[in-house]
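Here's the structure, in structure tokens; my notes come after.
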Amino acid sequence: QVQLVESGGGLMQPGGSLRLSCVASLSIFSAYSMAWYRQAPGKQRELVAWIPHRGNTNVADSVKGRFTISRDNAKSTVFLQMNDLKPEVSAVYYCNAGHQATGQYVATNYWGQGTQVTVSS
């Protein structure tokens, strides 16, 4: 059974930093592309960043330069470093284990429970 467990969310002031972690119980973690999504109240879930099993990372334009995705295959963990936080990034953040196809991320039904990020003064 696949499990993804996110952690690291919280309440932060604007300009602060957070690092989200997602530990995955996957038989071959290194074979999966991994992604972070977010969903704010009343909005659709959107892709924030993804990292292939091999190759360059991809980050949404709205957070480029402030968010960085990385992975540690030995620990089956994917991270999202979030710097210079702004109120508009407040959302529940989810990780997903998926695949890459023609340069795009393809999500699967493997989702974590989410971790809340709130940025407010």
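Keep in mind that this is a model prediction, so the values were computed, not measured. Numbering starts at 1 and runs along the sequence shown.
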Got a list of side-chain donor-acceptor pairs under 3.5 Å for residues 55-69, not counting sequence neighbours?
residue: N58; atom: ND2; partner: N56; partner atom: O; Å: 3.3
residue: D61; atom: OD1; partner: K64; partner atom: NZ; Å: 3.0
residue: R66; atom: NH1; partner: D84; partner atom: O; Å: 3.0
residue: R66; atom: NH2; partner: S62; partner atom: O; Å: 3.2

Inset, instruction - Say whether Y37 and V78 are linked into one hydrophobic cluster, either directly or through other cluster members, by side-chain heavy-atom distances under 4.5 angstrom. - result: no
Inset, instruction - Return the minimal non-hydrogen interatomic distance between A40 and A91, and the atom names on each side. - result: N-CB, 3.8 Å
Which atom pairs, one a donor and one an acceptor, fall under 3.5 Å between side chains of residues 9-28 and the rest of the protein, sequence neighbours left out?
residue: S17; atom: OG; partner: N83; partner atom: OD1; Å: 3.0
residue: S25; atom: OG; partner: Q3; partner atom: N; Å: 2.8
residue: S25; atom: OG; partner: Q3; partner atom: O; Å: 3.3

Inset, instruction - Evaluate the side-chain proximity of V92 to T115: yes if any heavy-atom separation is below 4.5 Å, no if none is. - result: no
Inset, instruction - Please tell me if the side chains of E6 and Q113 come closer than 4.5 Å, counting only heavy atoms from C-beta onward. - result: yes
Inset, instruction - Check whether any side-chain N or O of T77 sits under 3.5 Å from a backbone N or O of K75 as a donor-acceptor pair, and report yes or no. - result: yes
Legend entry - Minimum heavy-atom distance between A35 and W50, given as atom pair plus value: CB-CB, 3.7 Å
Inset, instruction - Step by step, work out the side chain to side chain contact (heavy atoms under 4.5 Å, CB included) result for H53 and S30. - result: CA-CA 6 Å; H53 69 286; S30 60; 5.7 Å; no
Inset, instruction - Group every Ile, Leu, Val, Met, Phe, Trp and Tyr by side-chain heavy-atom contacts under 4.5 Å, then state whether Y94 and V117 land in the same group. - result: no
Legend entry - Interatomic spacing from CG in N73 to CZ in R54 - rounded to 0.5 Å: 10.5 Å
Legend entry - Pair R38, Y93: side-chain N/O donor-acceptor within cut-off below 3.5 Å: yes
Legend entry - Where A101 and V106 come nearest, the two heavy atoms and their spacing: CB-CG2, 3.8 Å
Legend entry - Summary of side-chain hydrogen bond (donor to acceptor under 3.5 Å, both in side chains) pairs that have at least one residue in residues 102-112, sequence neighbours excluded: N96-Y105
Inset, instruction - Tell me whether the centres of the aromatic rings in Y32 and H99 are closer together than 6.0 Å. - result: yes
Legend entry - Intermediate values then yes/no, side chain to side chain contact (heavy atoms under 4.5 Å, CB included), R71 and F29: CA-CA 10 Å; R71 65 192 295 163; F29 175 81; 3.4 Å; yes
